[in-house]
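Basis for what follows: all heavy atoms, side chains included, without hydrogens, waters or symmetry-related copies. These numbers come from a predicted model, not from an experiment.
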Amino acid sequence: MRIPNHIVDQVRDTADILSIVQDYVRLKQVGNNYIGLCPFHEEKTPSFNVNPAKGYYKCFGCGKGGNVFNFVMEIERLLFVDAVRWLAERVGITIPTQVGDREDYDKKEIVFHALRFAAKYYAEQLLHPHFGLHAIEYLRGRGLTDQTIERFKLGYAPNAWDGLLKAAARESISPETLVRAGLIKKRDDSQGYYDRLRNRVIFPITSHVGRIIGFGGRVFTPDDKAPKYINSPDTEIYHKSNVLYGLYQAKHEARKEDRVLLVEGYTDVLALYQAGFGAVACCGTALTPSQVKLMGRYVNEIRLLYDADSAGQTANERAIDHVLQNGLDASVVSLPEGEDPDSFVLGHGAETFRDYLQRESKDWMESMVAKAMSNHLLDSPRGKREEIAKVAKRISWVQDDLLRKLYIQKASGLFGIHEGDIAQEVIAQARGRQAKTPQAVAPPPENSSIVEEIPVEQKLLLKVMIDYGGSMIKFIMGYTGIHEFKEGACRELANALVKIYEEYQDQSLKVIQDGHFEVSETAQQLMATLMIEQHHVSPRWSDLKVTVPPLHEDVQRVAEESMLVMKRKSNHKNIRELERQILSAQDGSEKQMKLQQEYAKMREKRIKLQDRGIFYAGE
């Protein structure tokens, strides 16, 4: 189904590329750009740049780049039309459709539509003066405000076998789609369907970008013998091992604090959010590596608030392993016996909870040693040896060299063992792991050598035309031919810029910034590079007696000097080629005489170029 051009333009103009990218990459501002680790290839040194003013991103490691549509297409593996829909939903723009066009929707979009409808249905039932009365009283009794209920889109599934099923039918949503969304189940006798969630408070589960992908349902009456929680099954959209409840709402606060609280239940997340804390919870699973990586897009530290019982302690230890193995730091907070985050915040208030976190938080090592001491595991030499090995193994997972050394120092103090002995154990643990695990050779990044191969003066000319639009396109192309640009992406982009100027004249700059022209993927990546790459002059230009000012000081002179260098290089190349042809031609032949005449003209042109006479008639 075609999306009207004006809608595409509206989505592009409204979508903030910085906000979109920050859902996937932790960025730090450096000048006009924001930089971070590339989400498209493995790297330790940040080479991924975003320029929000120009609306472009670029990784100088793997070469990927483009506008906000390109980013969403790449990161979410979407086609262009689906990326536009995805962003439109994100920024609240409605794409007009007809009922008959629904067959053209991407299959997943149909499921997303059903999930959105279900969330709206459950929310309406919660506010129903009769059906939802007890459910909303329960939520308010848990201390939740109407603002929090609305923010998390909480709802109520009525005590009916087919309430959602019938409501969806009125909106032409088929039972097959509801099954794919995990909302209904087929009856055992295969004679129909029934709602999966009934007579429960509903917690919509959203992805980290805010799309509803599943639901959790909780009983709220004390005499209900049904399971306390029922969650959506895994579907083509919802994979519980990759999702964290509350991350979409928590990520702003988490990014600001550079840490996030990991708790056990939905209501813990809600209570902490309401008190001003960024918190997330797993959706019915133990913490997984993919969930840690997801949190790592926003924070460097995960603070674990699991129950103090044995199950909670075991979960703590496994969670610490996943956190450290994936390059983040872990800390642990044990609440007083009988308390969970929800009850603590409700009973004592946000400030008391904040003070408690500050006072009682232990890093992962302190937590492990404290647990070992409380279980008397350090009382014997063998027990102590085993605990040292456990800690050393986890230190070996720490990727930062200085942080690893600091942990070795800390372990030395906690165990009363010489620092060098701890370091040796860390090395032994790392070697033992390497011996057991075959070392896969990481593939090199998809480095865009095309950009590096383009002469610097041609890159500057393209950059000037991209950054300044019509006036500079007209100026540069008045003295330069398309054929003078390097064949491939460079020439393609130059040709596209000329066509834009011919069609849009003074409006060329806006058209360029909006990306309203068709070029190949390679040319798009070149353009993204030039949009973000800073202006650097080759030191070799001084050998050519060319002095180039900073781009912002005298853009016309930058263009003149770049054209001068390009023409000098071209002239030198032509002279060398003519010399070769003259030597290979028959002496005294007509061909040799014509070549010598052309050679003389080229030599004369060289003198003019050496005198900086680039702008003369006919050039």
Show, in sequence, the C-alpha distance, side-chain angles and deciding distance for L462 and F485, and conclude whether the side chain to side chain contact (heavy atoms under 4.5 Å, CB included) test is met.
CA-CA 10 Å; L462 289 171; F485 286 88; 4.2 Å; yes
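- In this structure, the side chain of Q274 does not engage the main chain of T148 through any donor-acceptor pair within 3.5 Å.
- Residues meeting the side-chain contact (heavy atoms from CB on, under 4.5 Å) test with S471, sequence neighbours left out: none.
- For M472 against A559, the heavy-atom pair with the smallest separation is CE-CB, 3.8 Å.
- Using a 4.0 Å cut-off between charged nitrogen and carboxylate oxygen, E236 and K108 do not count as a salt-bridge pair.
- Taking the side chain as every heavy atom from C-beta outward, V50 and N33 never approach each other to under 4.5 Å.
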Please assess V243 against I205 for the test side chain to side chain contact (heavy atoms under 4.5 Å, CB included), listing each intermediate value before the final yes or no.
CA-CA 8 Å; V243 176; I205 300 168; 3.7 Å; yes
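- Aromatic ring pairs are classed by plane angle as parallel below 30°, tilted from 30° to 60° and perpendicular above 60°; the pair F71 and F48 is tilted.
- Across all non-hydrogen atoms, the minimal contact from A279 to L272 is CB-CD1, 3.6 Å.
- The backbone N or O of M563 sits nowhere less than 3.5 Å from a side-chain atom of E561 that would complete a donor-acceptor pair.
- The closest side-chain heavy-atom distance from Y248 to S207 is not below 4.5 Å.
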Walk me through whether F60 and C38 qualify under side chain to side chain contact (heavy atoms under 4.5 Å, CB included).
CA-CA 9 Å; F60 293 100; C38 180; over 6 Å; no
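- Side chain to side chain, Q10 and T14 fail the donor-acceptor criterion of an N or O pair below 3.5 Å.
- In this structure, E89 pairs ionically with R116, as a charged nitrogen and a carboxylate oxygen lie closer than 4.0 Å.
- The shortest side-chain heavy-atom distance between F40 and I75 falls under the 4.5 Å cut-off.
- Looking only at distances, no side-chain donor or acceptor of R303 sits under 3.5 Å from a matching main-chain atom of L261.
- Here the side chains of Q29 and I35 are not in contact, with every heavy-atom distance at 4.5 Å or above.
- A donor-acceptor contact shorter than 3.5 Å is absent between the side chain of T177 and the backbone of I173.
- No side-chain donor-acceptor contact under 3.5 Å links Q291 and S241.
- Taking the side chain as every heavy atom from C-beta outward, E484 and K567 approach each other to under 4.5 Å.
- No side-chain heavy atom of H113 sits less than 4.5 Å from a side-chain heavy atom of I110.
- Within the 4.5 Å cutoff, the side chain of N49 has no heavy atoms near those of the Y57 side chain.
- N495 places no side-chain N or O within 3.5 Å of a backbone atom of R491 that could act as its donor or acceptor partner.
- Taking R90 as the reference, D23 meet the salt bridge (Lys or Arg N to Asp or Glu O under 4.0 Å) condition, with sequence neighbours excluded.
- Under the 3.5 Å distance criterion, the side-chain polar atoms of R26 are matched with a main-chain donor or acceptor of Y298.
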Please lay out, stage by stage, how R580 and E577 fare under the test salt bridge (Lys or Arg N to Asp or Glu O under 4.0 Å).
CA-CA 5 Å; R580 187 189 65 78; E577 176 60 22; 2.5 Å; yes
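- In terms of heavy atoms, P52 sits closest to L18 at CB-CB, 4.1 Å.
- Annotation: F152 is in aromatic contact with Y273 [ring centroid separation under 6.0 Å].
- For E150, the CD atom sits in a loose shell: 12 or fewer heavy atoms of surrounding residues, nucleotides or ligands are nearer than 6.0 Å.
- E257 meets the side-chain contact (heavy atoms from CB on, under 4.5 Å) test with E253, R259; sequence neighbours excluded.
- Scanning for side chain to side chain donor-acceptor pair (under 3.5 Å) contacts around H208 gives R297, with sequence neighbours left out.
- A pairwise comparison of heavy atoms in V498 and I473 identifies CA-CG2, 4.2 Å as the closest pair.
- Between R211 and E109 there is a salt bridge, since at least one side-chain N of the basic residue sits less than 4.0 Å from a carboxylate O of the acidic one.
- The shortest heavy-atom contact between I17 and V68 is CD1-N, 3.8 Å.
- By the salt bridge (Lys or Arg N to Asp or Glu O under 4.0 Å) test, K594 is found to be paired with E590, residues two or more places apart in sequence or in another chain being considered.
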What verdict does the side chain to side chain contact (heavy atoms under 4.5 Å, CB included) test give for T206 and Q249, after you've listed the backbone C-alpha separation in whole Å, the side-chain angles of each residue and the deciding distance to 0.1 Å?
CA-CA 9 Å; T206 62; Q249 292 84 358; 4.3 Å; yes
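- Inter-residue side-chain proximity for K64 and E74 is flagged as met; some heavy-atom pair is nearer than 4.5 Å.
- A donor-acceptor distance shorter than 3.5 angstrom exists from the side chain of D258 to the backbone of N300, with no hydrogens or angles considered.
- For the pair K58 (side chain) and G63 (backbone), a donor-acceptor distance under 3.5 Å is present.
- Applying the ring-ring contact (aromatic ring centres under 6.0 Å, His included) criterion to F117, with sequence neighbours excluded, gives no partner residue.
- When all heavy atoms of V292 and I302 are compared, the closest pair comes out as CG1-CD1, 4.2 Å.
- Crowding of D16 atom CG: a count of heavy atoms from other residues, nucleotides or ligands under 6.0 Å exceeding 12.
- A salt bridge is absent between K499 and E502; no separation between the charged side-chain nitrogens and carboxylate oxygens falls under 4.0 Å.
- Distance alone, capped at 3.5 Å, places no donor-acceptor pair between the E492 side chain and the A496 backbone.
- In this structure, the side chain of S508 engages the main chain of Q505 through a donor-acceptor pair within 3.5 Å.
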